[in-house]
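Below you'll find the structure, written out as structure tokens, and then a few comments.
Throughout, protein chains are lettered first and strands after them, A, B, ... in sequence-line order, and every chain is numbered starting at 1.
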Protein chains: 2
Amino acid sequence: MPKKRILPFIILGIINNRPHITGREITAEFETEIGDFWRASHSQIYPELKRMVNDGWIVASTSQENAKERYYQITSEGQEVLNHWLDQLVTDLPIHEDLFSLKLFFIKDQNDDRIPQLINRQRSLLEKELKYLQQRLTLVFPNKDAIKKNYGHYLILTRAISRTKGQIEWLKEIEE
Amino acid sequence: MPKKRILPFIILGIINNRPHITGREITAEFETEIGDFWRASHSQIYPELKRMVNDGWIVASTSQENAKERYYQITSEGQEVLNHWLDQLVTDLPIHEDLFSLKLFFIKDQNDDRIPQLINRQRSLLEKELKYLQQRLTLVFPNKDAIKKNYGHYLILTRAISRTKGQIEWLKEIEE
DNA sequence: GCACACATGTAATATGTTACATGATTTA
DNA sequence: TAAATCATGTAACATATTACATGTGTGC
């Protein structure tokens, strides 16, 4: 789905947060923090980085230590681009490409065995996710100072926790 | 994002729910009920329908009334395919390609003006969505019999409402 | 020096969107 | 009968995944 070129802005934000980052490390970010909101594999990221260097949003450098590694920095132009993107208000709610809902949607009979099966699975997935998120929260934000330094990140983590809890609660309710 | 061929199963489910449906009506389904969980445009749907006829999942027919319209029916093979898909348990939680979270993630400063701006916008989008969902609920499920006849659909609608309310509550909390 | 993880990159393919195109049916 | 909407279809392009490919650094 060719959305409106979100990926470069995400990469820009990552580089802005962590100067001197490598492509591999950027890739890793999509497997942890960002991973809940966006996915991208290295085969998407490397060409994108090239384009961004080309457009003057970032600059690359190498070191003697590691011949292959390339370190990226955001440029002032990149800063502008990032800020301009952040300034734009969101116009639409995201859609939830959610197989759980989708499958339920097609099951008509209240007594269909697959309903409790889907629900149980969903609940266990959500409980695992909740544990992970809570662990991240204590790990990344051990004190108030950490929260202060990365407030937006803190917000979305607590939001994800709240949302996950809510979904689990809902599942518990209908199980009865 | 080339996911694992979800679209044909969705279309199959739609045709199963509404025999004698046309391609245009299938397209319309993605703008109402299904639209919260999956999007597809007609340029994706028509070729897909062709493939599905070719694979024997559905059959097409025409009528004298309207020369262009093609009416689709699910075959017994299609029924099997659909049921097999519904039988498969979901293995992963969906990711939320959510610009709101993404943008917040990149804002570090607690006093950044853009945080309340993003939050206000999100709240108004969610409140609009909530109204729409509640309206759908009373419209599609006016009585208990309607619920009984389409239980899965009922579940995901109430789930969407619960989720939306939860998100609004969370936004209210942090606004203080 | 061999295995394994690191680090980057490309190619083939699948999927999705936007724009273009054409004719049929309905309605004023 | 002209305009709008219905109904289907295709083409060009954008985006994303999987698989392939290649060399580097590190630990044993």
Partner residues of [X] under the side chain to side chain donor-acceptor pair (under 3.5 Å) criterion, sequence neighbours left out:
{"X": "A:Thr32", "value": "none"}
{"X": "B:Arg163", "value": "A:His96"}
{"X": "A:Arg159", "value": "B:Asp98, B:Ser101, B:Gln167"}

Notebook entry, point to check: Applying ring-ring contact (aromatic ring centres under 6.0 Å, His included), which residue pairs with at least one partner in residues 137-165 of chain A are found, sequence neighbours left out?
Noted result: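 Applying ring-ring contact (aromatic ring centres under 6.0 Å, His included) to every pair that reaches into residues 137-165 of chain A, excluding sequence neighbours, yields A:Phe141-A:His153, A:Phe141-A:Tyr154, A:His153-B:Phe105.
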
[N] [atom2] sits how many Å from [X] [atom1], rounded?
{"X": "A:Glu31", "N": "D:dT17", "atom1": "CD", "atom2": "P", "result": "12 Å"}
{"X": "A:Asp92", "N": "C:dT17", "atom1": "CG", "atom2": "C1'", "result": "15 Å"}
{"X": "B:Lys4", "N": "C:dG16", "atom1": "NZ", "atom2": "P", "result": "14 Å"}
{"X": "B:Ile45", "N": "C:dG16", "atom1": "CD1", "atom2": "C1'", "result": "12 Å"}
{"X": "B:Met52", "N": "D:dG9", "atom1": "CE", "atom2": "P", "result": "14 Å"}
{"X": "A:Ile10", "N": "D:dT15", "atom1": "CD1", "atom2": "P", "result": "13 Å"}
{"X": "B:Glu48", "N": "C:dT17", "atom1": "CD", "atom2": "C1'", "result": "15 Å"}
{"X": "B:Arg39", "N": "C:dT15", "atom1": "CZ", "atom2": "C1'", "result": "17 Å"}

Going 5' to 3' through nucleotides 2-8 of chain D and flagging B where a protein heavy-atom sits under 4.0 Å of the base, S where only the sugar-phosphate is that close, and - otherwise, we get ----BBB

Does OP1 or OP2 of [N] have a side-chain N or O of [X] closer than 4.0 Å?
{"X": "B:Gln44", "N": "C:dT17", "answer": "yes"}
{"X": "B:Arg51", "N": "C:dA14", "answer": "no"}
{"X": "B:Lys50", "N": "D:dT10", "answer": "yes"}

_At 4.0 Å (heavy atoms only), tell me whether B:Ser43 reaches a base, stays on the sugar-phosphate, or touches nothing._
base

| field | A:Lys108, NZ: over 12 other non-hydrogen atoms inside 6.0 angstrom | value | yes

Exercise. Indicate whether the side chain of B:His84 and that of B:Gln88 have a donor and an acceptor atom separated by less than 3.5 Å.
Key: yes

* **Set of residues satisfying side-chain contact (heavy atoms from CB on, under 4.5 Å) with respect to A:Thr22, sequence neighbours excluded** =>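 Expected list: A:Arg24, A:Glu25, A:Glu69, A:Tyr71.
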
